[in-house]
Participant: 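Pasting a structure here, questions to come.
Please read all numbers here as calculations on a predicted model, not as lab measurements. As a basis for the values below, the full set of heavy atoms in this structure was taken, side chains included, without hydrogen atoms, waters or symmetry mates. Throughout, a chain's letter reflects where its sequence line sits, starting with A, and its residues are numbered from 1.
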Amino acid sequence: MQYWNKTMETMERQELGRYQLKQLRELVERVYTKVPFYRDKMQAAGLLPQDIQSLDDISRLPFTTKQDMRDNYPYGLFAVPPRDIVRIHASSGTTGKATVVGYTKKDLGIWSEVMARTLTAAGVSDKSYIQVAYGYGLFTGGLGIHYGAELVGASVIPVSSGNTGRQINLMTDFGTTALACTPSYALHIAESMREMGIDPKATQLRVGIFGAEPWTEAMRRQIEEELSIKAVDIYGLSEIIGPGVASECPAQQGLHLSEDHFYPEIIDPLSGEVLPPGSKGELVITTLTKEGMPMLRYRTRDLTQLDYSPCTCGRTLVRMAKVMGRSDDMLIIRGVNVFPSQVESVLLEMGQTTPHYQLIVERSGHLDILTVLVEVNEASFSDEVRRLEELERKIAAQLASVLKVSAKVKLVGPKTLQRSEGKAQRVIDKRNLTQEA
Amino acid sequence: MIIQQISVFLENRPGTLAEVLEVLGEREVNIRAMSVADTADFGIVRFVVNRPAAVETLLRDAGFTVKSNQVLSLALHDQPGSLLRQVKRLGEAGINVEYFYAFAGGQADARIVFKVDDIERAAGMLGEEAAEVPEVYW
C-alpha cells in the first residue's frame, strides 16, 4: 500500500483527536484576534476562545457561509497581512458574486501535501505522466493538481481544459498515464476518441482523477469501461483549499478526508444541528491549519455521510461517501426530497438513453408536477410509437421507485438539452415559491 | 418486396418536421412515401426514399436520431378488395401488422408499406402476387 504521509494518514484516532484539538484551539484564538468578522460572531454567541475545551465544543462556534464570503468581498476574511498572501483564487461566481480565497506560502504547502496524498492513493507516482485537464487560472482545479503532482514527482502535462482533439493527440503522443479532469469531461473525451477512431485501450492511460462535480457510481462504471481506466473520485472546494480535501483509496469505499487539516461535521441542512456519526447530511468543514483565510465551520452545501470504521487500505482518516447532491440543489416535491443525481443514476443504470436530462417542476393547483426530460438515443429509438412509449413508462416506473415520487417522463431529441463545460443546469423550478414564504 | 424504411425522432415543437425535410431538400432527396406517427410528446416520421443508406447517414450527420429498418412494400391492383385479400392472408398466418401506410399512385396500382412482426415469412407469402406489378420506388 502506498501512502504519501504514512504518519498522518494512518495515525491512531485518539492521537489524531488530540492533534486536532490542539490545532482547533490555536485556530480559534487566531481568528478571534485577527478576523473581526469571527470575533463579532463569537462575541454575539457569547463565546471566548478559551471556551473551546474539547472537539465537541466546535458545535458552539458559528457557521461560515458563501454569503459571508460575499459580504466580506474581497479580502475581509483574510487573517494575515496582504504581504503574506502569495496566491489568490476565486470561485466562478456562477451563483452570485465571486468568492475570493487567499493562500500563504504555508497554505500552498498544505495544499500540495494533501494533493500529493490524493495522487499517491490514486496510484500516481514519480513514474507517471499526468495530464491536467482541469482549468488553470482563478479556478483551483488546475493549479491544485499541478502542484501536488510536482511534489509527487510525476511528469506534469498542464493542458488545462478544452480543445479536446488536442488533448487526445497529446495523450497518445506523450504517453499520458493519468488524466485529471471533471468526470463529465472524461466522458466527452471518450466520445471524441471514438469519433477520432482512437481506441482508449491502445493508449497508456491507466487512471483518472475526477472531481469538481457530483457524479454517481453508474457514471464511474461507464467512464472506467469507456476509457478502460480506474476512475478515482476526489473532493475539494476553493473555500477550504481546492482539490485535495478528500480522495479515494484503491478500496473505492469512500473518500479519505485529510482530517489533520480539515475537521468535518455532518449537520441537518435545515436545522443546522450536528447529526450523529453515519448520518446523511450537509458536510461542514473547519480548516485546522490554514493561515491565509481560515474557515470556521464552513457550510459546503454538499450532502454526504461519514464513515469512521477502519478501511482495508490501512488509512485511519474518516471516509466521506461520494457527494450525493447539494443541499441547495435539493428539490422538495410533494414533501419528498429529490436530487438530480438520483435521476442521473437511474438513466445510467438503464443505459437506454443519454445521461443528459433536465428536471422541470411545476405547480398545478396545490400539486407539484415533476417532468423529467430525457434525450433519446439511437440505440433506444424505435420506429414504433408503442416502443418509445414503453421506454417512457419504463423510465417513469424506475424513477418512481428510486425517487419515491412519480414523475412524467418526456423523451426529447438528442443534443437538445443544454450542454455546459461547467455546471449543467439540471433543474428548472417553475413553482412560484416566493408566494408561500 | 422488402425495402429499407428510414425513421426519424421528432420532438413535439413547431418546425421539427421542416428541419428534417430541409436536410433532405438540400440534397435533393425525393421522398416516395411517408407517414408521421405522433403522441402528445413526440413524433416519429417514417419514409421511403431511394438510396436509404445514404439518407440515413445524411440525417445522422445533421444530428437527428435515425433508425433504418425493414418494411414490406406491396404494389397492389388499385381495385376494391385487393388490400383485404393480402391483409387476410397475413392475419390467417398469424403475422401481426404493427403499422402501415398506403397511397395510390400511377394509373392502375396502389402501394402499401407494411411493418409486420415476421417480415421474411410475410414477404414469402405475398411476394408472388406483388411481383406482377412494376416497382416504382427506385
Participant: With sequence neighbours excluded, tell me which residues meet salt bridge (charged side-chain N to carboxylate O under 4.0 Å, His left out) with A:R220.
Facilitator: A:E217, A:E248

Participant: Look up atom CE in A:M219 and atom OG in A:S345, then write down how far apart they are to the nearest 0.5 Å.
Facilitator: 12.0 Å

Participant: Working to the nearest 0.5 Å, report the span between OG1 of A:T172 and CG of A:D199.
Facilitator: 12.0 Å

Participant: Looking only at side chains, do A:Y185 and A:T164 share a donor and an acceptor under 3.5 Å apart?
Facilitator: yes

Participant: Could you look at B:F9 and say if it's the side chain, the backbone, both or neither that has a heavy atom under 4.5 Å from chain A?
Facilitator: both

Participant: Could you tell me which residues satisfy side-chain hydrogen bond (donor to acceptor under 3.5 Å, both in side chains) with A:T176, sequence neighbours excluded, listed by chain and number?
Facilitator: A:Q131

Participant: Given a strict heavy-atom distance threshold of 4.5 Å, which part of A:E392 is in contact with chain B: side chain, backbone, both, or neither?
Facilitator: side chain

Participant: Could you check which of B:V8, B:V71, B:T16, B:I6 has the highest count of heavy-atom pairs closer than 4.5 Å to chain A?
Facilitator: B:V8

Participant: With a 4.0 Å cut-off, would you call B:K67 and B:E56 a salt bridge?
Facilitator: no

Participant: Rounded to the nearest 0.5 Å, how far apart are CG of A:L347 and OG1 of A:T353?
Facilitator: 4.5 Å

Participant: Chain B contacts: which residues in residues 376-384 of chain A have a non-hydrogen atom closer than 4.5 Å to it?
Facilitator: A:V376, A:N377, A:E378, A:F381, A:S382, A:D383, A:E384

Participant: Output the distance between atom CG (B:L17) and atom CD (B:E22), rounded to the nearest 0.5 Å.
Facilitator: 11.0 Å

Participant: How many angstroms lie between atom CZ of A:F210 and atom CG of A:L187, to the nearest 0.5 angstrom?
Facilitator: 8.5 Å

Participant: Step by step, would you call A:I369 with A:V361 a side chain to side chain contact (heavy atoms under 4.5 Å, CB included)?
Facilitator: CA-CA 6 Å; A:I369 310 283; A:V361 197; over 6 Å; no

Participant: Just so I know, are the side chains of A:I395 and A:M350 near enough to count as touching, which here means a heavy-atom distance under 4.5 Å?
Facilitator: yes

Participant: What residues of residues 396-412 of chain A sit under 4.5 Å from chain B when only non-hydrogen atoms are counted?
Facilitator: A:K408, A:V409, A:K410, A:L411, A:V412

Participant: Heavy-atom cut-off 4.5 Å, strictly under: side chain, backbone, both or neither for B:V45 against chain A?
Facilitator: neither

